[in-house]
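Here is the structure we will look at, set down as structure tokens.
As the structure is a prediction and not an experimental result, all values here were calculated from the model.
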Amino acid sequence: MSDQKIEQFGASKNFGGWTKMFSHPSESCGGEMKFSVFLPPQAESGNVPVLYWLSGLTCNHENFITKAGAQQYAAQSGIMLVAPDTSPRGAGVQGEDDDYDLGSGASFYINATEDKWAANYRMEDYIIHELPKIIGVNFPVVKGKESIFGHSMGGHGALTLALKNPGRFCSVSAFSPICAPSQCQWGEKVFTNYLGENRESWKKHDANELIQNSTLEIPLLIDQGGDDPFLEKELNFELFRNTCEKRNQKLTARLQSGYDHTYYFIATFMEDHIQHHAKAFFA
């Protein structure tokens, strides 16, 4: 996989660096995958740390890179950004395009085990193994200097992947993450379809469950909009914050009054998140 070819299909110069888009055949997902990168100006003269962004439901490789305003801050800090798609596309799984919260655009960054989905919906393998190999071979990144963040479903992915891979990332952060998917409608729907009916198997993909039996030794930041329409029923922000307090888990958790679930909210606090990761990279 490390010698896999990627094909560039877009490039724009911005903030002294380059935003580029690529496609490649994916072994993990059994088809073509796309991702976007921002190469800061510092990458022209040396290796840079890499920060992975995981987007939320219905998004693709473009949403973050075009809406979040992250490039200017990444350029200032000398950080490469990588934004993969949220799921396989056109895998041919029956019903994959029927609902916004299951199938296309809704992988939840796990490896599906149910037969219907298991051949293609292996986004955990893609994010943790396949994509980093591609990035390491094709771009000037510092080995061992990688962090992860995300939004909503992607915030869930960032938290759980960091918890399941201790020592892998330098830092983690999230905007409005789905903190306890086993206890909300979105999570129950996808976990039943991807993993089956056994709720015990769901716990290893649930940040609130994982944090009860493990800790994060890296800086952790969560921003949550106070006027987010999904706050009460789907995101479980307070539940996760309380669990962290009981476990003495270090966490910076901020409820931002008046903000919603959109990229307006994300863009407002993006600088804080880039600086959060920059401190971990360059400490």
Side-chain angles (χ1 to χ4, degrees), residues 51-54 56-57 101 108-111 124 127-128 146-192 194-261 265-266 269 272-273 275-277 279-280 283:
L51 178 55
Y52 291 92
W53 169 268
L54 304 183
L57 287 169
D101 55 355
F108 271 69
Y109 303 100
I110 63 176
N111 289 338
E124 182 171 348
I127 299 298
I128 292 297
E146 55 184 349
S147 289
I148 193 166
F149 68 153
H151 170 233
S152 195
M153 177 186 71
H156 142 79
L159 294 176
T160 57
L161 293 179
L163 280 161
K164 287 189 279 186
N165 296 274
R168 173 66 180 269
F169 300 107
C170 297
S171 52
V172 58
S173 72
F175 294 87
S176 307
I178 303 172
C179 295
S182 297
Q183 300 184 48
C184 74
Q185 184 177 355
W186 283 340
E188 290 177 346
K189 180 176 181 177
V190 298
F191 284 177
T192 299
Y194 294 157
L195 304 174
E197 299 285 351
N198 183 0
R199 286 179 171 259
E200 285 299 309
S201 70
W202 300 2
K203 291 182 178 180
K204 62 182 179 181
H205 307 292
D206 184 309
N208 191 65
E209 294 289 340
L210 289 167
I211 207 72
Q212 295 183 47
N213 298 298
S214 60
T215 57
L216 280 169
E217 302 295 336
I218 56 177
L220 169 57
L221 168 64
I222 294 177
D223 273 315
Q224 170 63 59
D227 283 3
D228 189 322
F230 307 112
L231 176 58
E232 297 301 326
K233 293 185 178 181
E234 300 290 356
L235 302 179
N236 282 305
F237 170 76
E238 292 295 346
L239 173 64
F240 186 72
R241 182 158 65 176
N242 291 337
T243 301
C244 287
E245 288 180 1
K246 292 176 183 177
R247 291 285 301 164
N248 294 316
Q249 167 65 50
K250 292 182 179 180
L251 165 67
T252 301
R254 310 188 303 190
L255 187 64
Q256 304 289 5
S257 178
Y259 287 91
D260 56 21
H261 199 73
F265 161 57
I266 294 169
F269 298 100
D272 290 353
H273 283 247
Q275 290 180 350
H276 167 80
H277 295 290
K279 288 178 182 178

Before giving the answer on side chain to side chain contact (heavy atoms under 4.5 Å, CB included), spell out for L251 and I211 the whole-Å C-alpha distance, their side-chain angles and the decisive distance to 0.1 Å.
-> CA-CA 11 Å; L251 165 67; I211 207 72; over 6 Å; no
Could you tell me whether the side chain of [X] and the main chain of [Y] form a donor-acceptor pair under 3.5 Å?
X: N236; Y: L239; result: no
X: Q249; Y: L216; result: yes
X: Q212; Y: T243; result: no

Nearest heavy-atom neighbours spanning [X] and [Y]:
X: N208; Y: A180; result: CB-CB, 3.8 Å
X: F240; Y: I222; result: CE2-CD1, 3.6 Å
X: A280; Y: P219; result: CB-CG, 4.4 Å
X: I148; Y: A162; result: CG2-CB, 4.5 Å
X: G56; Y: S152; result: CA-CB, 4.4 Å

Working for side chain to side chain contact (heavy atoms under 4.5 Å, CB included), residues E234 and I178 = CA-CA 7 Å; E234 300 290 356; I178 303 172; 5.7 Å; no
Side-chain touch [X]/[Y], heavy atoms, less than 4.5 angstrom:
X: I110; Y: V190; result: no
X: L220; Y: K250; result: no
X: N213; Y: K203; result: no
X: C170; Y: I218; result: no
X: R254; Y: L221; result: yes
X: F108; Y: T160; result: no
X: P181; Y: W202; result: no
X: I127; Y: Y52; result: no

Given the rule in the side chain to side chain contact (heavy atoms under 4.5 Å, CB included) test, do L235 and H261 qualify, once you have shown the distances and angles that lead to the verdict?
-> CA-CA 11 Å; L235 302 179; H261 199 73; 4.1 Å; yes
Less than 6.0 Å separating the ring centroids of H205 and H156?
->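 Distance test on ring centres: not under 6.0 Å, no.
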Does a sphere of radius 6.0 Å around CD in Q185 hold more than 12 heavy atoms from other residues, nucleotides or ligands, not counting ones at 6.0 Å or beyond?
->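 No, CD of Q185 has 12 or fewer neighbouring heavy atoms, counting only those of other groups under 6.0 Å.
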Is the number of heavy atoms from other residues, nucleotides or ligands within 6.0 Å of CD (E245) greater than 12?
->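 More than 12 heavy atoms, drawn from other residues, nucleotides or ligands, come within 6.0 Å of this atom.
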Enter the distance from [X]:[atom1] to [Y]:[atom2] here, rounded to the nearest 0.5 Å.
X: F237; Y: N242; atom1: CZ; atom2: CG; result: 9.5 Å
X: L163; Y: K204; atom1: CG; atom2: NZ; result: 14.5 Å
X: S176; Y: I266; atom1: OG; atom2: CD1; result: 7.0 Å
X: Q256; Y: D272; atom1: CD; atom2: CG; result: 8.0 Å
X: S147; Y: R168; atom1: OG; atom2: CZ; result: 11.0 Å
X: L195; Y: E197; atom1: CG; atom2: CD; result: 11.0 Å

Can H273 and S173 be counted as having a side-chain donor-acceptor contact under 3.5 angstrom?
->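 There is such a pair (donor and acceptor under 3.5 Å, judged by atom type) between the side chains of H273 and S173.
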State, without any angle test, whether H277 and S171 hold a side-chain donor-acceptor pair at a distance under 3.5 Å.
->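 Judged by distance alone, the side chains do pair up.
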Mutual orientation of the aromatic rings belonging to [X] and [Y] [parallel < 30°, tilted 30-60°, perpendicular > 60°]:
X: F265; Y: F175; value: perpendicular
X: W53; Y: H151; value: parallel
X: Y259; Y: F269; value: perpendicular

Worked verdict on D260 versus D228 for side chain to side chain contact (heavy atoms under 4.5 Å, CB included) = CA-CA 4 Å; D260 56 21; D228 189 322; 5.5 Å; no
